[in-house]
Number of protein chains: 2
Amino acid sequence: MSTDQAPGPDPAQLLAYIERFASTLSDSGIPRMPARVFAALLTADDGRLTSQQLAGMLDISPAAVSGAIRYLSQVGLVTREREPGSRRDRYRVLDEVWQEAILQRDAILVRWETSLAEGVAVVGAESPAGRRLAESVVMFQFLRGELPGLLKRWYEQRAELRAAATRDDAVGRALAAHPEPHPEAEAEAHPEAEH
Amino acid sequence: MSTDQAPGPDPAQLLAYIERFASTLSDSGIPRMPARVFAALLTADDGRLTSQQLAGMLDISPAAVSGAIRYLSQVGLVTREREPGSRRDRYRVLDEVWQEAILQRDAILVRWETSLAEGVAVVGAESPAGRRLAESVVMFQFLRGELPGLLKRWYEQRAELRAAATRDDAVGRALAAHPEPHPEAEAEAHPEAEH
DNA sequence: TCCAACTTTCAGAATTTTGTGAATGTTATG
DNA sequence: CATAACATTCACAAAATTCTGAAAGTTGGA
């Protein structure tokens with residue numbers, strides 16, 4: 001009498017969680033609204049939601065969704081998809097993509113590095129401050145150099161992880177198949193009154 | 001008739017740079033004023049400035065300095081020092097410290113990890129979203145696991161770097177001696193009208 | 001114990017950031 | 001090519017941040 005096919009977690013709890021997670025993201029510099037949208041996408045079963053769904057669950061205007069998505073796709077955390085023959089966008093988090101975005105953060109590292117290098121020039125390479133800044137430049141170079149290896153190791157570990165999941169259970173197979181999950185298979189629970 | 005002992009870089013240029021660098025930091029989520037203060041400290045020859053100096057060069061109120069320092073020291077980027085027998089604080093960037101702060105960012109990683117794990121619980125570990133989130137949790141665990149090694153390698157490389165500097169020139173020696181640089185040696189150019 | 005040199009706290013002004021509603025684009029169908 | 005379903009843009013209002021000046025703490029010296 002309770003689990004009517006268990007349509008998912010308690011919506012209220014889910015929303016509360018989304019807000020909490022969004023706060024965490026927000027503390028890392030991601031603006032509030034994009035953070036909320038991202039959190040919502042991340043907790044969606046297939047990582048995809050339409051603009052309407054987002055607007056609905058977060059109780060925000062379409063304009064806000066648009067703005068958030070603009071930000072997120074610029075940063076590379078979210079992709080825009082449109083099923084051919086529909087004018088409804090669908091936004092999506094690609095695990096592969098956002099994980100990489102986190103690990104790399106290349107853009108930021110490069111910016112810091114560049115900015116610090118500029119500082120060396122301004123301050124004078126021979127001054128104490130110049131030397132100090134230079135050392136930091138080297139640190140960022142070092143860090144950038146380490147990233148590819150880091151990435152590689154993570155991918156390896158993830159591959160194992162997914163392989164294990166496939167081995168263990170049927171559902172795991174879907175996860176492991178990830179690269180292009182259910183491209184169609186629309187079975188959502190809203191009327192879709194397309195005229 | 002130009003280099004009168006070369007007291008440092010062109011102040012105007014330096015200030016301009018500070019602002020630019022501060023913008024970079026600011027894009028990474030550090031609030032504006034702390035970013036400016038941090039940039040100023042980083043470009044100061046010995047990495048130390050008094051509250052007054054900061055207020056003066058950035059043209060901000062003592063209150064603003066206070067607030068910025070509160071933030072920076074909370075994040076661990078800046079230390080407060082006071083010479084015994086003075087009521088003037090001196091703020092400082094420790095290279096070792098801020099480099100580590102960048103490399104680790106442990107606090108943030110842990111927060112993300114925790115937050116994501118919470119998400120798994122809310123969404124249900126067996127749901128697709130739950131599996132996806134779980135994978136990300138593992139990613140953060142992986143990342144945290146990698147950090148010590150990363151740190152270690154950087155320290156090694158830095159040690160070499162500093163050793164080379166010592167070998168090469170006299171000034172380098174001062175840099176390499178870093179752990180507790182010029183504890184006294186006050187030769188600044190302001191009246192210090194201590195009553 | 002008082003004074004002066006500093007720093008911090010706090011209330012409020014000013015600026016900036018955000019989100020909305022309305023208008024404007026865009027695109028798939030009939 | 002007209003229409004309707006969406007998405008996006010833009011001007012503006014609302015709200016959150018951020019700094020300042022003034023007042024209140026601290027702390028070292030007389």
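Hydrogens, waters and symmetry mates are skipped; everything else that's a heavy atom, side chains included, is used. Here is how names work: the chains are called A, B, and so on, in the same order as the sequence lines, proteins then strands, and each is numbered from 1.
Applying the ring pair (Phe, Tyr, Trp, His ring centres under 6.0 Å) test to residues at least two apart or on different chains, none of the pairs has a partner in residues 49-86 of chain A. Residue pairs satisfying the ring pair (Phe, Tyr, Trp, His ring centres under 6.0 Å) criterion with at least one member in residues 39-59 of chain B, sequence neighbours excluded, are absent. Residue pairs meeting the ring pair (Phe, Tyr, Trp, His ring centres under 6.0 Å) criterion with at least one partner in residues 132-157 of chain A, sequence neighbours excluded, are A/W112-A/F140, A/F142-B/W154, A/W154-B/F142.
If you take CG of B/L54 and C1' of C/dC6, they are 14 Å apart, rounded to a whole angstrom. Taking atom CD of residue A/E83 and atom C1' of nucleotide C/dT27, one finds them 15 Å apart after rounding to whole Å.
The salt bridge (charged side-chain N to carboxylate O under 4.0 Å, His left out) check on A/E156 picks up A/K152, with sequence neighbours excluded. With sequence neighbours excluded, no residue forms a side chain to side chain contact (heavy atoms under 4.5 Å, CB included) with A/S66. Considering only residues two or more places apart in sequence or on other chains, B/R70 meets the side chain to side chain donor-acceptor pair (under 3.5 Å) condition with none of them. Residues forming a side chain to side chain donor-acceptor pair (under 3.5 Å) with B/R153 (at least two apart in sequence, or on another chain): A/E146. A search for side chain to side chain contact (heavy atoms under 4.5 Å, CB included) contacts involving B/S61 returns B/A63, B/A64, not counting sequence neighbours.
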Only pairs under 3.5 Å count here: list side-chain donor-acceptor contacts from residues 31-38 of chain A, not counting sequence neighbours, and write none if there are none.
| residue | atom | partner | partner atom | Å |
| --- | --- | --- | --- | --- |
| A/R36 | NE | A/E19 | OE1 | 3.2 |
| A/R36 | NE | A/E19 | OE2 | 3.0 |
| A/R36 | NH2 | A/E19 | OE2 | 3.0 |
| A/R36 | NH2 | A/L58 | O | 3.1 |

Could you list all N or O pairs between the protein and nucleotides 17-19 of chain C that sit under 3.5 Å apart?
none

Between the protein and nucleotides 7-12 of chain D, list every N/O to N/O distance that falls short of 3.5 Å.
| residue | atom | partner | partner atom | Å |
| --- | --- | --- | --- | --- |
| D/dA7 | OP1 | A/D89 | N | 3.1 |
| D/dA7 | OP2 | A/S51 | OG | 3.4 |
| D/dT8 | OP1 | A/R80 | NH1 | 2.7 |
| D/dT8 | OP2 | A/S66 | OG | 3.4 |

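Over its length, the helix from C/dT1-D/dA30 to C/dG30-D/dC1 turns its helix axis by 20°, as judged from the five terminal pairs at each end, rounded to 10°.
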**Request:** Show your reasoning for whether salt bridge (charged side-chain N to carboxylate O under 4.0 Å, His left out) applies to B/R88 and B/E81.
**Result:** CA-CA 9 Å; B/R88 171 171 315 180; B/E81 288 179 349; over 6 Å; no
